[in-house]
Amino acid sequence: APNAESSVPHECPSGMSTTWRMVYGWAPGAEALGVPKEAGFPLEGTKHYVIQMHYNNVNALEGEQDESGVDFCTTKELRPNDADVIAFGSVKFTIPAQAQNFTQTCDFKVPSNLPEIHAFAAMPHMHQLGKSIDTVLKSTNGSTTSLGTIPKWDFETQYWIPLDVPVKTGDTVQTTCTWTNGTNSPVSFGEKTEDEMCYSFTMYYPRIPNLVSWQLPAAVANCK
């Protein structure tokens, strides 16, 4: 296929994966994940799956080998809905040097041109400076529902949290991240472990057609 990635491992250009559909994200501690009977990730025509690995060889060791891999379970019995992944949170922040409990809260208001979706799993994600992360849905009827909370962040213990939450037009998804930066340099968003993140990866159905990027909610969120 003309747009297929090479089967030979190679460096991924920065930002390339944000334009693709995401199926699953792994981080230390995460385990296998099953989807509900109401949804599945579609296999339409010819599909090309890319595994993006974030290696962090800070000591420049030579001869290191990796045996990581991914297994998918497939079925010919189609589910009623197509599933997908989006990310709430923020990609625009800088944690000052020697900052204690530095907090950022970001709101994403579901626009009218997005259909109602149903969130069924979330994986909050930060790096080593994280202290806590909390995502809640503030409904137009005044109610507040958790979309994934980890009050004491541990980089080595990350996991997908089961959900059963409808997200509707006009609702606001609010993500709050707190970090402590004990270094003498500011730390900003980035893919390296030494950088930081504030993401709540969220699986949902039905899949939003023509979505520009799984990162969109985090990229356009209103943060303070």
Side-chain angles (χ1 to χ4, degrees), residues 18 21-22 24-25 27 30 33-41 79-95 99-126 130-154 157-180 189 196-224:
T18 62
R21 294 281 182 175
M22 182 182 291
Y24 177 76
L33 178 70
V35 296
K37 63 182 180 179
E38 291 84 4
F41 290 90
R79 302 289 177 84
N81 298 283
D82 289 342
D84 200 7
V85 179
I86 52 177
F88 300 106
S90 176
V91 298
K92 295 172 287 188
F93 59 83
T94 298
I95 309 161
Q100 300 293 310
N101 296 320
F102 179 83
T103 298
Q104 184 182 68
T105 297
C106 298
D107 290 345
F108 173 76
K109 186 174 182 179
V110 180
S112 59
N113 63 336
L114 289 184
E116 178 179 336
I117 61 175
H118 194 96
F120 64 85
M123 188 180 82
H125 180 63
M126 308 172 77
K131 301 294 289 184
S132 65
I133 180 170
D134 177 35
T135 298
V136 296
L137 175 74
K138 295 187 174 182
S139 177
T140 54
N141 64 15
S143 64
T144 298
T145 307
S146 175
L147 286 179
T149 297
I150 300 181
K152 293 184 179 180
W153 176 256
D154 179 4
T157 309
Q158 303 184 53
Y159 48 90
W160 286 90
I161 300 170
L163 300 174
D164 186 8
V165 182
V167 181
K168 304 176 181 179
T169 293
D171 291 348
T172 296
V173 179
Q174 184 176 87
T175 300
T176 301
C177 288
T178 300
W179 306 267
T180 287
F189 172 86
E196 267 303 330
M197 286 192 174
C198 175
Y199 273 146
S200 183
F201 296 107
T202 304
M203 289 190 177
Y204 72 95
Y205 66 83
R207 182 174 67 171
I208 299 171
N210 302 318
L211 185 66
V212 175
S213 169
W214 56 262
Q215 193 187 63
L216 180 65
V220 303
N222 181 24
C223 301
K224 57 183 179 180

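Remember, predicted model here, so these are calculated numbers, not experimental data.
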Looking at [X] and [Y], would you say the former's side chain and the latter's main chain have a donor-acceptor pair under 3.5 Å?
{"X": "Ser132", "Y": "Lys152", "result": "no"}
{"X": "Thr145", "Y": "Ser143", "result": "no"}
{"X": "Gln104", "Y": "Lys92", "result": "yes"}
{"X": "Asp82", "Y": "Phe41", "result": "no"}
{"X": "Ser112", "Y": "Gly170", "result": "no"}
{"X": "Asp107", "Y": "Asn222", "result": "no"}

For the atom pair [atom1] ([X]) and [atom2] ([Y]), what is the distance rounded to the nearest 0.5 Å?
{"X": "Thr176", "Y": "Lys224", "atom1": "OG1", "atom2": "NZ", "result": "9.0 Å"}
{"X": "Thr157", "Y": "Ile150", "atom1": "OG1", "atom2": "CD1", "result": "9.0 Å"}
{"X": "Phe93", "Y": "Phe102", "atom1": "CZ", "atom2": "CZ", "result": "9.0 Å"}
{"X": "Thr169", "Y": "Asn113", "atom1": "OG1", "atom2": "CG", "result": "8.0 Å"}
{"X": "Cys223", "Y": "Gln174", "atom1": "SG", "atom2": "CD", "result": "10.0 Å"}
{"X": "Thr140", "Y": "Asp171", "atom1": "OG1", "atom2": "CG", "result": "5.0 Å"}

Considering non-hydrogen atoms only, spot the tightest contact between [X] and [Y] and give its length.
{"X": "Trp160", "Y": "Pro162", "result": "O-CD, 3.8 Å"}
{"X": "Ala87", "Y": "Pro217", "result": "O-CB, 3.3 Å"}
{"X": "Met126", "Y": "Ile133", "result": "SD-CB, 3.6 Å"}
{"X": "Pro206", "Y": "Tyr204", "result": "O-CE1, 3.1 Å"}
{"X": "Ala119", "Y": "Val167", "result": "CB-CG2, 4.5 Å"}
{"X": "Pro36", "Y": "Tyr205", "result": "CG-CE2, 4.4 Å"}

Practice task
Please step through side-chain contact (heavy atoms from CB on, under 4.5 Å) for the pair Val110 and Ile117, ending with a clear verdict.
Solution key: CA-CA 10 Å; Val110 180; Ile117 61 175; over 6 Å; no
Exercise for the section: Give the intermediate values and the outcome of side-chain contact (heavy atoms from CB on, under 4.5 Å) for residues Met123 and Tyr159. Expected result: CA-CA 6 Å; Met123 188 180 82; Tyr159 48 90; 5.9 Å; no
Can you tell if the side chain of [X] reaches within under 4.5 Å of the side chain of [Y], non-hydrogen atoms only?
{"X": "Lys131", "Y": "Trp153", "value": "no"}
{"X": "Ile208", "Y": "Asp84", "value": "no"}
{"X": "Phe189", "Y": "Glu196", "value": "no"}
{"X": "Cys198", "Y": "Thr175", "value": "yes"}

Practice task
Classify the angle between the aromatic ring planes of Trp214 and Tyr199 as parallel (below 30°), tilted (30 to 60°) or perpendicular (above 60°).
Solution key: perpendicular
Exercise for the section: Over 60° means perpendicular and under 30° means parallel, so classify the ring planes of Phe201 and His125, tilted if in between. Expected result: tilted
Handout entry: The single option from Leu147, Thr135, Ile161 passing side-chain contact (heavy atoms from CB on, under 4.5 Å) against Pro124
Key = Ile161
Handout entry: Residue pair Asp164, His118: steps toward the side-chain contact (heavy atoms from CB on, under 4.5 Å) verdict
Key = CA-CA 7 Å; Asp164 186 8; His118 194 96; 2.5 Å; yes
Problem - Step-by-step side-chain contact (heavy atoms from CB on, under 4.5 Å) determination, Met203 to Leu33 - result: CA-CA 11 Å; Met203 289 190 177; Leu33 178 70; 3.3 Å; yes
